[in-house]
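Here is the structure we will look at.
Model, not experiment: these values are computed from the prediction.
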Amino acid sequence: MQPVRTMVILAGLLAFALVPFVADLGGLNSLEGLATRIVIYAIAAVSLDLIIGYGALVSFGHAMFFGLGGYVVGIVAYHTSMGEPLLGWEGSNAALVVWPIALAACVLLALAVGWLALKTAGVQFIMITLAFAQMVFFVLVSLQTYGGDDGLLIDARNTLPGVETSDATSFYYLCLALLVAWTGFCIMVVNSRYGLILQALRQSERRAVNLGVRPLTFRLAAFVISAFGTGLAGILWANYAQFVTPDMAAWTKSGEFMAIVVLGGLGTLLGPIAGAAIFIVLEQILTGWTEHWMLVMGPILTLIALFGQRGALGRVLERSHG
């Protein structure tokens, strides 16, 4: 199984790497943008799979980190372009300044939400994460200075030394490099001693506790790592679309991320990348047929969940190997 798994990974990397060339050769101008969306959503899905697939923590509110990461970029860009100081700071368009601030905001929110939510389990955990996500959504809607329900336009992408982020192809490869790096990091996490303990908690919390493990500490760390990755996806989305809206933090966005994880294969980390590609391509096709595309997508996802329980790549990317 391992050689097949390696071949699938290499084929996937090659396919993503060749997207700009195929788009140029075929005159498919929209292909690169579609691939960028897939890569960004894949980062969020890999992050969510870390806690669902390996920690059995079903978060239905991860879109709050996606939205927060994007909005920090948008708000800083607004004050920078308008020349209006933000808490006495004149702002910046440098990614090395703005992105750490956005990620820090996501980490702080994750610490607060995780600490409260992880005192519960099961349905209660799901509902608490959903409740916090809805709170963030309504806070973003109420920010009339930043567009309220209509969202906020971003004048220019954040600058990064050595990368021409304003160029679509360069930005795509930046997103792809971050996806590869983030997925590699998550694989290292789940295969580390920490990751083994997290999986032990999933399998039998009582046994792990008897061995001296403190569940809250380990699960909170996983929740924060997952939020960090989802916030990174939000930052990239804000730069890609140059537009942020409260819908980025809506419960429907959390549902999309969960659907992508299930499509690709729970507890595989690599599977959600394929899940993101399937979901977004299906969305693209179905929206061309009808504006009520979710009426068609819903049954498709249900059938996959019922009859393909290991997802698109679950059988190839064995759970035990992350």
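- Leu269 and Leu10 are not part of a single hydrophobic cluster, where members link through side-chain heavy atoms under 4.5 Å apart.
- The side-chain contact (heavy atoms from CB on, under 4.5 Å) search around Val213 returns Ile197, Leu201, Ala208, Phe218, not counting sequence neighbours.
- In this structure, Glu164 contributes its side chain and Ser170 its backbone to no donor-acceptor pair below 3.5 Å.
- Applying the side-chain contact (heavy atoms from CB on, under 4.5 Å) criterion to Val224, with sequence neighbours excluded, gives Val107, Ala110, Leu111, Leu220.
- Summarising the hydrophobic clusters (Ile, Leu, Val, Met, Phe, Trp, Tyr; side-chain heavy atoms under 4.5 Å, direct or chained), the residues clustered with Met188 are none.
- Two different hydrophobic clusters hold Phe137 and Val139 under the rule that ILVMFWY side chains link at heavy-atom gaps under 4.5 Å.
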Derivation of the side-chain contact (heavy atoms from CB on, under 4.5 Å) call for Thr252 and Asp247:
CA-CA 8 Å; Thr252 51; Asp247 287 342; over 6 Å; no
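- Here the straight-line distance linking atom CD1 of Ile225 with atom CG of Leu198 works out to 9.0 Å at 0.5 Å rounding.
- When all heavy atoms are compared, the tightest approach of Cys175 to Ile43 is O-CD1, 4.1 Å.
- Within the 3.5 Å criterion, the main-chain N or O of Thr268 finds a donor-acceptor partner in the side chain of Asp49.
- Partners of Tyr240 by ring pair (Phe, Tyr, Trp, His ring centres under 6.0 Å), not counting sequence neighbours, listed by chain and number: Trp237.
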Test side-chain contact (heavy atoms from CB on, under 4.5 Å) applied to Val58 and Met258, step by step:
CA-CA 9 Å; Val58 183; Met258 291 185 69; 3.4 Å; yes
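- Within the 3.5 Å criterion, the main-chain N or O of Gly267 finds a donor-acceptor partner in the side chain of Tyr54.
- Criterion: ILVMFWY side-chain heavy atoms under 4.5 Å apart, direct or through other members. Under it, Met82 and Ile154 are part of a common hydrophobic cluster.
- Both Ile51 and Val123 are part of a single hydrophobic cluster, where members link through side-chain heavy atoms under 4.5 Å apart.
- In this structure, CD on Glu256 lies 12.5 Å from CG on Leu48, to the nearest 0.5 angstrom.
- Here ring pair (Phe, Tyr, Trp, His ring centres under 6.0 Å) pairs that include residues 148-187, with residues two or more places apart or in two chains, are Trp182-Phe185, Trp182-Phe228.
- Not a single ring pair (Phe, Tyr, Trp, His ring centres under 6.0 Å) links Phe138 to another residue, sequence neighbours left out.
- When all heavy atoms of Pro272 and Ala45 are compared, the closest pair comes out as CB-CB, 3.7 Å.
- Residues Leu174 and Thr165 share a closest heavy-atom pair of CD2-CG2, 4.2 Å.
- Taking CE of Met135 as the start and CG of Leu109 as the end, the distance is 9.0 Å to the nearest 0.5 Å.
- Under the side-chain hydrogen bond (donor to acceptor under 3.5 Å, both in side chains) criterion, no residue pair touches residues 128-142, with sequence neighbours excluded.
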Taking distance alone, no hydrogens or angles, what donor-acceptor pairs closer than 3.5 Å link side-chain atoms of residues 60-73 to residues at least two apart or in another chain?
unit_1	atom_1	unit_2	atom_2	d
His62	ND1	Ser59	OG	2.9
His62	NE2	Ser226	OG	2.7

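- Taking the side chain as every heavy atom from C-beta outward, Met248 and Phe243 never approach each other to under 4.5 Å.
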Verdict with supporting geometry, Val244 and Ile75, side-chain contact (heavy atoms from CB on, under 4.5 Å):
CA-CA 10 Å; Val244 290; Ile75 290 171; over 6 Å; no
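- Here the rule is side-chain contact (heavy atoms from CB on, under 4.5 Å) with Val39, and of Leu178, Leu179, Leu236 only Leu179 fits it.
- In this structure, Ile285 CD1 and Ile280 CD1 are separated by 12.5 Å, a value rounded to the nearest 0.5 Å.
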Just distance, no hydrogens or angles: give the donor-acceptor pairs under 3.5 Å from side chains in residues 84-97, sequence neighbours left out.
unit_1	atom_1	unit_2	atom_2	d
Ser92	OG	Ala94	N	3.1
Asn93	OD1	Asn158	ND2	3.2
Asn93	ND2	Arg157	O	3.2

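- Between Tyr41 and Phe279, the gap from one ring centroid to the other reaches at least 6.0 Å.
- Note: Leu153 CG to Tyr78 OH = 12.0 Å, rounded to the nearest 0.5 Å.
- Looking at every heavy atom in both residues, Val46 comes nearest to Cys186 through CG1-SG, 4.1 Å.
- Arg202 places a side-chain N or O within 3.5 Å of a backbone atom of Gly53 that can act as its donor or acceptor partner.
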Just list the side-chain donor-acceptor pairs under 3.5 Å for residues 18-28, sequence neighbours left out, or say none.
none

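- Expressed to the nearest 0.5 Å, how far CD1 of Ile273 lies from OG1 of Thr183 amounts to 4.0 Å.
- Scanning for side-chain contact (heavy atoms from CB on, under 4.5 Å) contacts around Asp155 gives Ser81, with sequence neighbours left out.
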Trace of the side-chain contact (heavy atoms from CB on, under 4.5 Å) decision for Leu196 with Gln199
CA-CA 5 Å; Leu196 295 176; Gln199 293 174 71; 4.3 Å; yes
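- In plain terms, the two heavy atoms of Asn239 and Gln242 that are nearest each other are O-CG, 3.4 Å.
- Phe132 places a side-chain heavy atom less than 4.5 Å from the side chain of Leu116.
- Residues satisfying the side-chain hydrogen bond (donor to acceptor under 3.5 Å, both in side chains) test with Gln124, not counting sequence neighbours, are none.
- The two residues Ala249 and Val136 come nearest to each other via the heavy atoms CB-CG1, 4.2 Å.
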